[in-house]
S.K.: 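Below: one structure in structure tokens.
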Protein chains: 2
Amino acid sequence: MNDFLDRCRGTVGTNHVLTAPGDTAAFLTDWRRRFTGKALAVVKPGTVAEVAAIVRLCNEFRVPIVPQGGNTGLVLGSVPDDSGTAIVLSLTRLNRIRTVDTVNNTMTVESGCILEEVQNAAAEAGRLFPLSLAAEGSCTIGGNLSTNAGGTAVLRYGNTRELCLGLEVVTPQGEIWDGLRGLRKDNTGYDLRDLFIGAEGTLGIITAAVLKLFPQPRAQLTALAAMQTPEDALRLLTLAQGTCGAALTGFELMSDFCLKLVAKHFAQLRLPFPQNYPQYVLLELSDSESEEHANAMLESLITDALEQGVIQDAAVASSIAQSKALWNLREHIPLAQAEEGKNIKHDVSVPISRIVEFIRTTDALLQQSFPKCRMVTFGHLGDGNLHYNVSPPEDEAPDAFIARQAAINRVVHDSVHRFGGSISAEHGLGALKRDEVRLYKSEVEMKLMQTLKHALDPHGLMNPGKVIQA
Amino acid sequence: MNDFLDRCRGTVGTNHVLTAPGDTAAFLTDWRRRFTGKALAVVKPGTVAEVAAIVRLCNEFRVPIVPQGGNTGLVLGSVPDDSGTAIVLSLTRLNRIRTVDTVNNTMTVESGCILEEVQNAAAEAGRLFPLSLAAEGSCTIGGNLSTNAGGTAVLRYGNTRELCLGLEVVTPQGEIWDGLRGLRKDNTGYDLRDLFIGAEGTLGIITAAVLKLFPQPRAQLTALAAMQTPEDALRLLTLAQGTCGAALTGFELMSDFCLKLVAKHFAQLRLPFPQNYPQYVLLELSDSESEEHANAMLESLITDALEQGVIQDAAVASSIAQSKALWNLREHIPLAQAEEGKNIKHDVSVPISRIVEFIRTTDALLQQSFPKCRMVTFGHLGDGNLHYNVSPPEDEAPDAFIARQAAINRVVHDSVHRFGGSISAEHGLGALKRDEVRLYKSEVEMKLMQTLKHALDPHGLMNPGKVIQA
């Protein structure tokens with residue numbers, strides 16, 4: 001393997017082939033620090049041609065490749081296993097914004113660009129790139145594309161898949177596919193783009209993308225509504241879709257218990273209501289017209305919802321600071337849960353029409369098998385996507401509870417499956433859910449996936465052990 | 001082959017295996033009546049299980065399959081070649097609306113449903129299914145999905161691909177893949193859905209789909225604006241996107257020559273202006289609020305555009321009849337062109353920012369090589385998609401001109417390629433553009449497509465000769 005590493009050094013420069021433990025450590029441990037793998041080296045090409053050359057070298061030496069962006073994934077998709085046979089191929093040096101086209105409303109960016117830099121480049125051109133998620137300061141757009149990331153504006157703008165028009169990809173054979181087309185319509189053959197999006201680097205390496213841009217909204221409003229039940233939250237959703245149309249950008253459900261945890265661990269964050277309610281919804285509106293128009297629309301929604309008894313109270317942010325404060329409540333839920341101690345997370349989706357029944361049924365099943373476990377249920381209700389997390393009972397040792405993770409996953413995921421849902425709504429499969437998903441996908445679907453994997457990556461070198469066991 | 005046909009009859013019933021020329025004729029000739037193929041039989045299964053059984057039979061006897069919906073395609077994608085070795089597998093008996101879910105905003109339909117029936121079923125449930133195109137009274141949703149159809153509302157709602165959440169597909173091996181998930185978010189593996197969408201039946205047979213529904217708009221407005229140049233049309237587009245946001249549903253460019261042809265052949269259709277202008281744009285707005293709000297938005301757009309000298313005149317439809325009259329102008333362009341005599345059609349797209357330069361450059365190139373040819377340029381400017389059609393010079397025999405079609409295509413498609421465009425924006429490749437596209441796609445892309453085709457359909461039985469030469 002020394003020969004291999006020497007040729008890697010010859011390709012990307014000695015400085016960009018890391019082997020010293022101090023240099024490689026950050027690339028080998030996952031974001032949630034649950035797993036540390038091993039690698040021959042971390043290789044950091046600086047151009048697409050160098051990526052292709054490294055992949056060809058890996059083919060020659062049959063060295064597996066783990067592509068990596070910001071390494072912020074939650075399902076062990078971007079770290080190597082512990083065999084030490086693979087290289088980590090870090091895309092972070094491919095970080096140029098290649099072009100911004102404000103008439104076509106597109107920008108072409110390299111995959112190592114940090115999401116926040118992409119957002120900023122769009123904003124500087126007077127446009128909006130709407131993908132937004134908690135890790136945006138560290139995650140790369142290549143990782144967002146490879147996992148088809150969701151985030152907080154899916155309701156209005158779609159997942160990352162819907163925000164991409166074209167790709168540049170290095171194939172498992174080390175060839176460069178230039179599919180960087182900035183077209184809204186192109187029906188000239190198979191949809192290669194969407195095959196690479198969401199494939200978590202197992203079918204090729206995304207090196208650049210053409211992204212969709214949007215006009216910047218003239219007004220953005222945030223409100224918090226309080227209600228009795230998840231049913232009421234769903235009624236509010238239908239009402240809001242009818243009243244606000246495409247202006248409805250975000251619709252986040254949070255249970256009272258979620259916000260009690262936030263209050264316990266972050267005392268400075270306060271609910272804007274004089275009393276507590278069982279459920280809350282955080283609403284975000286983006287309006288193309290004006291502040292006044294957005295306010296009138298939101299006021300009319302709230303008035304209707306109060307009159308119809310759908311909600312009990314509502315608070316509208318009247319400044320950016322107030323809006324941030326409301327979003328802080330939402331974004332501190334996972335942090336508060338972490339402060340509270342170990343817990344078991346699920347990133348699930350079900351058809352929106354079944355979400356209420358899903359919550360009720362699954363809560364009951366869990367209480368039956370794991371009495372007094374505490375449900376931390378929140379998420380993107382408007383997309384049917386819940387972060388359905390389970391904390392240990394207050395009087396139980398967390399480690400004993402966590403040891404039962406597999407059994408808890410089984411109850412939740414079986415229930416998701418019965419409701420026609422997905423056990424990974426926005427995080428992907430990685431190595432973490434690779435085997436779990438086989439319990440729920442049909443043999444036909446698994447076979448189709450295997451066929452594609454074998455056809456495109458016959459030597460099984462691309463991110464092995466992720467998504468699918470080759 | 002008698003044994004094969006007997007077993008087909010045993011599977012779907014004697015009545016549903018057509019072999020008499022009088023019965024099969026309509027299935028063998030394409031919509032524009034340019035080609036008539038031959039087939040062993042037309043087989044019409046009534047259920048998904050029957051589709052799968054017929055595909056398994058075809059595998060056993062190595063009989064090629066041409067899946068067919070409404071047979072309204074424009075690129076010879078749904079008719080067999082003249083070898084007479086294939087069956088036409090008509091999906092028209094699979095025409096049930098399986099479910100409509102107004103809370104999840106989805107409907108599950110079988111692929112043989114006529115698009116208009118799908119629209120109507122959505123409307124009856126108080127929802128909008130926004131796909132709309134000229135053939136909607138005859139085309140099937142399965143054909144729309146298989147060609148990723150575009151239409152008149154792509155600007156707001158996307159192509160058919162963006163309107164579909166899940167599929168049921170019979171694989172080339174005759175297995176049924178149940179991917180009928182009604183989820184907005186599902187990141188559990190490769191995107192099989194988008195691989196089958198737009199594959200024109202060459203990778204499998206779509207038998208059912210979960211479609212997205214939307215709230216019905218409270219107001220719909222149509223306006224016609226007159227301007228000097230395509231540049232002005234583009235300036236109006238940017239202005240309209242800023243002013244109307246997601247309310248902007250349609251944005252259709254038409255040259256004066258297009259409307260002169262309409263006036264010549266359909267004297268009852270009149271322009272609402274006292275004089276002619278070089279270019280026109282048909283605008284469609286859909287508003288979630290109210291008629292008054294939509295009117296105010298449109299009025300403000302028109303006032304700004306007039307003040308900035310972007311447009312010279314504008315007419316707003318004040319009734320459904322007037323709106324229909326404006327759309328009639330647009331929809332009669334292809335009919336008027338047909339009345340005028342034979343012509344050469346191109347369905348192309350380029351990045352919106354380059355569309356003006358594309359028109360000017362390509363017009364000049366054509367006039368150089370084919371002096372006095374007449375450009376019938378119209379289309380979905382908001383999507384970068386032009387129907388860039390060429391009629392013979394008035395003083396030239398049409399047949400002599402049409403004989404030069406290949407040379408004309410070459411000039412147009414070479415130009416499209418130089419501008420980073422697509423030679424099939426919304427019609428697909430079929431047999432008609434299968435070889436043409438090879439001139440413009442890279443070897444890497446063609447190889448990727450071949451790899452997928454061979455992997456999924458190793459015997460090359462699925463719609464052979466379409467999209468790709470296996």
Side-chain angles (χ1 to χ4, degrees), chain A residues 101 103-104 147-148 150 154 159 162 171 175-179 181-192 194-195 197-199 215 234 238 241-242 244-246 288 349 351-353 383-385 420-429 437 442 444-445 448-449 451-452 455-456 467-468, chain B residues 101 103-104 147-148 150 154 159 162 171 175-179 181-192 194-195 197-199 215 234 238 241-242 244-246 288 349 351-353 383-385 420-429 437 442 444-445 448-449 451-452 455-456 467-468:
Chain A
D101 181 339
V103 176
N104 197 41
T147 56
N148 185 26
V154 173
N159 296 289
E162 282 85 47
T171 69
E175 298 187 294
I176 299 169
W177 170 53
D178 178 355
R181 295 185 273 260
L183 303 173
R184 258 73 185 175
K185 282 179 165 180
D186 176 26
N187 279 343
T188 56
Y190 303 147
D191 183 9
L192 302 176
D194 288 312
L195 193 56
I197 294 176
L234 204 56
T238 300
Q241 284 173 327
C244 310
S288 55
S349 67
I352 297 166
S353 49
D383 314 315
N385 178 194
S422 165
I423 66 159
S424 185
E426 56 175 10
H427 296 164
L429 295 177
V437 83
S442 69
V444 176
E445 184 158 342
L448 283 166
M449 284 176 51
T451 300
L452 295 174
L456 294 171
V467 180
I468 196 166
Chain B
D101 180 340
V103 177
N104 198 40
T147 57
N148 185 26
V154 173
N159 296 289
E162 282 85 47
T171 70
E175 297 187 296
I176 300 168
W177 170 52
D178 179 355
R181 295 186 271 260
L183 303 173
R184 258 75 186 174
K185 283 180 164 180
D186 176 26
N187 279 344
T188 55
Y190 303 147
D191 182 10
L192 302 176
D194 287 312
L195 193 56
I197 292 176
L234 204 55
T238 300
Q241 284 173 326
C244 309
S288 57
S349 67
I352 297 166
S353 49
D383 315 315
N385 177 196
S422 165
I423 68 161
S424 187
E426 56 175 9
H427 296 164
L429 296 177
V437 84
S442 68
V444 176
E445 183 158 343
L448 282 167
M449 283 175 51
T451 300
L452 294 174
L456 293 172
V467 181
I468 197 166

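To find a chain, count down the sequence lines: A is the first, B the second, and so on, and within it residues start at 1. Here the structure is a predicted model, which is why all the values come from computation and not from measurement.
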S.K.: Mind ranking B/Val103, B/Thr188, B/Ile176 by heavy-atom pairs under 4.5 Å with chain A and telling me who comes out on top?
M.R.: B/Thr188
S.K.: Among B/Ser424, B/Pro215, B/Ala455, B/Gly245, which residue forms the greatest number of heavy-atom pairs with chain A at distances under 4.5 Å?
M.R.: B/Ser424
S.K.: Has A/Asp191 got a side-chain atom pairing as donor or acceptor with B/Ile197's backbone, closer than 3.5 angstrom?
M.R.: no
S.K.: Tell me, for A/Thr171 versus chain B, whether the close heavy atoms (under 4.5 Å) come from the side chain, the backbone, both or neither.
M.R.: side chain
S.K.: If you tally heavy-atom pairs under 4.5 Å against chain A, which of B/Asn104, B/Val444, B/Ile352 wins?
M.R.: B/Asn104
S.K.: Below 4.5 Å, heavy-atom pairs only: which of B/Ser288, B/Gly384, B/Ser353, B/Gly198 has the largest tally toward chain A?
M.R.: B/Ser353
S.K.: Closer than 3.5 angstrom, by distance alone: can the side chain of B/Ser349 be matched with the main-chain N or O of A/Lys185 as a donor-acceptor pair?
M.R.: yes
S.K.: Which atoms of B/Asp383 come close to chain A, meaning under 4.5 Å heavy atom to heavy atom: side chain ones, backbone ones, both, or neither?
M.R.: both
S.K.: Counting heavy-atom pairs under 4.5 Å with chain A, which one of B/Val437, B/Asp101, B/Asp194 comes out on top?
M.R.: B/Asp194
S.K.: Could you tell me which non-hydrogen atom of B/Glu445 sits nearest to which non-hydrogen atom of A/Trp177, and how far apart they are?
M.R.: OE1-NE1, 2.7 Å
S.K.: Against chain B, label A/Leu234 side chain, backbone, both or neither, depending on which of its atoms sit under 4.5 Å from a heavy atom there.
M.R.: side chain
S.K.: Could you check if a side-chain atom of A/Leu452 sits within less than 4.5 angstrom of a side-chain atom of B/Leu192, using non-hydrogen atoms only?
M.R.: yes
S.K.: Heavy-atom distances under 4.5 Å only: say whether B/Leu429 touches chain A with side chain, backbone, both or neither.
M.R.: both
S.K.: Just by modelled atom types, is the B/Arg184 backbone N or O under 3.5 Å from a matching donor or acceptor in the A/Asn159 side chain?
M.R.: yes
S.K.: Keeping the roles fixed (side chain from B/Asn148, backbone from A/Asn187), state whether a donor-acceptor pair exists under 3.5 Å.
M.R.: no
S.K.: For B/Leu448 and A/Leu456, what are the C-alpha separation, side-chain angles and deciding distance, and is it a side-chain contact (heavy atoms from CB on, under 4.5 Å)?
M.R.: CA-CA 8 Å; B/Leu448 282 167; A/Leu456 294 171; 3.7 Å; yes
S.K.: Using a 4.5 angstrom heavy-atom cutoff, name the option from B/Leu183, B/Thr238, B/Leu195, B/Asn385 with the most pairs to chain A.
M.R.: B/Leu183
S.K.: Using a 4.5 angstrom heavy-atom cutoff, name the option from A/Cys244, A/Ser442, A/Gly189 with the most pairs to chain B.
M.R.: A/Gly189
